[in-house]
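Below you'll find the structure, written out as structure tokens, and then a few comments.
Note that the structure is predicted; figures quoted are calculated from it, not measured. Every number for a ligand or one of its atoms is a count from 1 in the order of the listing. Along the sequence shown, residues carry numbers from 1.
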Amino acid sequence: MEASREFVYQKFTDYYRDPSTIIPATTLAEQREFAYLMFKERFMVRHRRFTEFKTFRLMLAETVPSDVYHSCAYYENPDFDMDKKGWLGADLVFDIDADHIPTTCNKIHDEFRCVKCGFEGRGITPEVCPCCEATKFETKIWACDLCIQSARDETAKLLDMLENDFGFSQDELHVFFSGHRGYHVHIENDAVRSLDAMARKEIVDYVIGIGLKLFEKNEKTTSKKSKSEKGSKFRLHDFGWNKRLKMGMKAFLSNASHEDFLKIGFRDTKKLDLILENRRTLLNRCFDEGYWNGFLGVSDGTWMKLAEYIKDEQTAKIDTVVTTDIHRLIRMNGTLHGKTGLKKIEFPAKSLQDFDPFIEAVAFKKGKVKVCVSDAPEFRLSGETLGPYKNQTVELPVAAAVMLICKRRAEVAK
Ligand SMILES: [Zn+2]
Ligand SMILES: [Zn+2]
């Protein structure tokens, strides 16, 4: 193994062998499948069962994996083959990752390259190569403050829905920094445990706003009536998504400028002037009295356009596959992320905005090391601002060096 990987391996070893390292035990550990990626050999060990947490800690200290996972699912026999495990239930898990959020920074710091044909680009890695349709890419991604803030905003929206629309208490919502550039939310109670993949898909659809019906269907009317009387009428009631849209639309209508309306796709400037001149009356009529139709010529289509815009703003951009997969493996709390050397770490849901992962998730707090950095943007770690670096040798705190090496942007200086 080359010297830089060996250096990171040593640091991971120190971490897992240090008795003061806190790795919280999972609930019902004996019913879960454990899995880990071998640091040197780069293969995944799966279907491990640990009846005692002590044995698990011992495995970590001896094996020193680069990444450690456990199943969200509970099984009768977690160490059997997939089809013989005997599924008993699973936690409800959400993953919010900057990988799935279109940020302005990913075009700056993320690169991908098709392993098969060499097609390369910047920004979000495509699922399929547009040139050769291969699905394997080499990626160079970064986590900057903007990435984390985007993920944090999406997580805040998700938590708000889980609490206010689904009725989970804050104590039931376990929130984690993922160790890279996102957040995980785990819910581990009896109410969610037995939900099948279909039921989880329904929850996902709610969170991302799929299947929202914004028209009240009126089947009985005949075809001769005018458009506003016929069939459907735009209206919003007072719970769930309807309430969210109502609040969002009200806030928008109260404050939006001419330009804001144009930005979301309004074209009729005459009608727009009329709306803006009469916005107080319009707000009263619609939001306080509940009359949405016909006033000032604001059509159902106009309301729909605004509702769609508000909806897109308020959906939480979760990785939908993670939540619906009832056998999913998820990174273990307290273990290190092989691409950063940061740890996955839990914090109270109410601290989401204040929790700084670039301080709290730092695992290596001591020492400095000299590295040759090929390329790194400016970044923060443990309260220090470092970089940018380009083809230079610098002495860095160990945590920063580990991160750059894991991201293949630096090597230990000889
Ligand atoms: Zn390709
Ligand atoms: Zn970023």
Inset, instruction - Please tell me if the side chains of Cys117 and Cys129 come closer than 4.5 Å, counting only heavy atoms from C-beta onward. - result: yes

Legend entry - Apex the Zn ion (ligand 1); atoms Cys117 SG and Cys114 SG; angle rounded to 10 degrees: 110°

Inset, instruction - To the nearest 10 degrees, calculate the angle at the Zn ion (ligand 1) involving SG of Cys129 and SG of Cys132. - result: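 SG of Cys129 and SG of Cys132 make an angle of 110° at the Zn ion (ligand 1), to the nearest 10°.
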
Legend entry - Under 2.8 Å: N/O/S of Cys131 next to the Zn ion (ligand 1): no

Legend entry - Trace of the salt bridge (Lys or Arg N to Asp or Glu O under 4.0 Å) decision for Glu154 with Lys317: CA-CA 6 Å; Glu154 298 304 317; Lys317 287 160 196 70; 3.7 Å; yes

Inset, instruction - Mark yes or no for whether Glu277, through its side chain, and Leu274, through its backbone, hold a donor-acceptor pair below 3.5 Å. - result: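 No.
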
Inset, instruction - Round to 10° and report the angle made at the Zn ion (ligand 2) by SG of Cys144 and NE2 of His109. - result: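 Seen from the Zn ion (ligand 2), SG and NE2 are separated by roughly 110°.
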
Legend entry - Angle at the Zn ion (ligand 2) (to 10°), with one arm to SG of Cys147 and the other to SG of Cys105: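 If I round to 10°, I get 110°.
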
Inset, instruction - For the residue pair Phe12 and Tyr16, categorise the inter-ring angle as parallel (less than 30°), tilted (30 to 60°) or perpendicular (more than 60°). - result: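 Ring orientation of Phe12 relative to Tyr16: perpendicular.
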
Inset, instruction - Identify the heavy atoms of Ala363 and Leu336 that sit nearest to each other, and give their distance. - result: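 So the minimum-distance heavy-atom pair works out to CB-CD2, 3.5 Å.
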
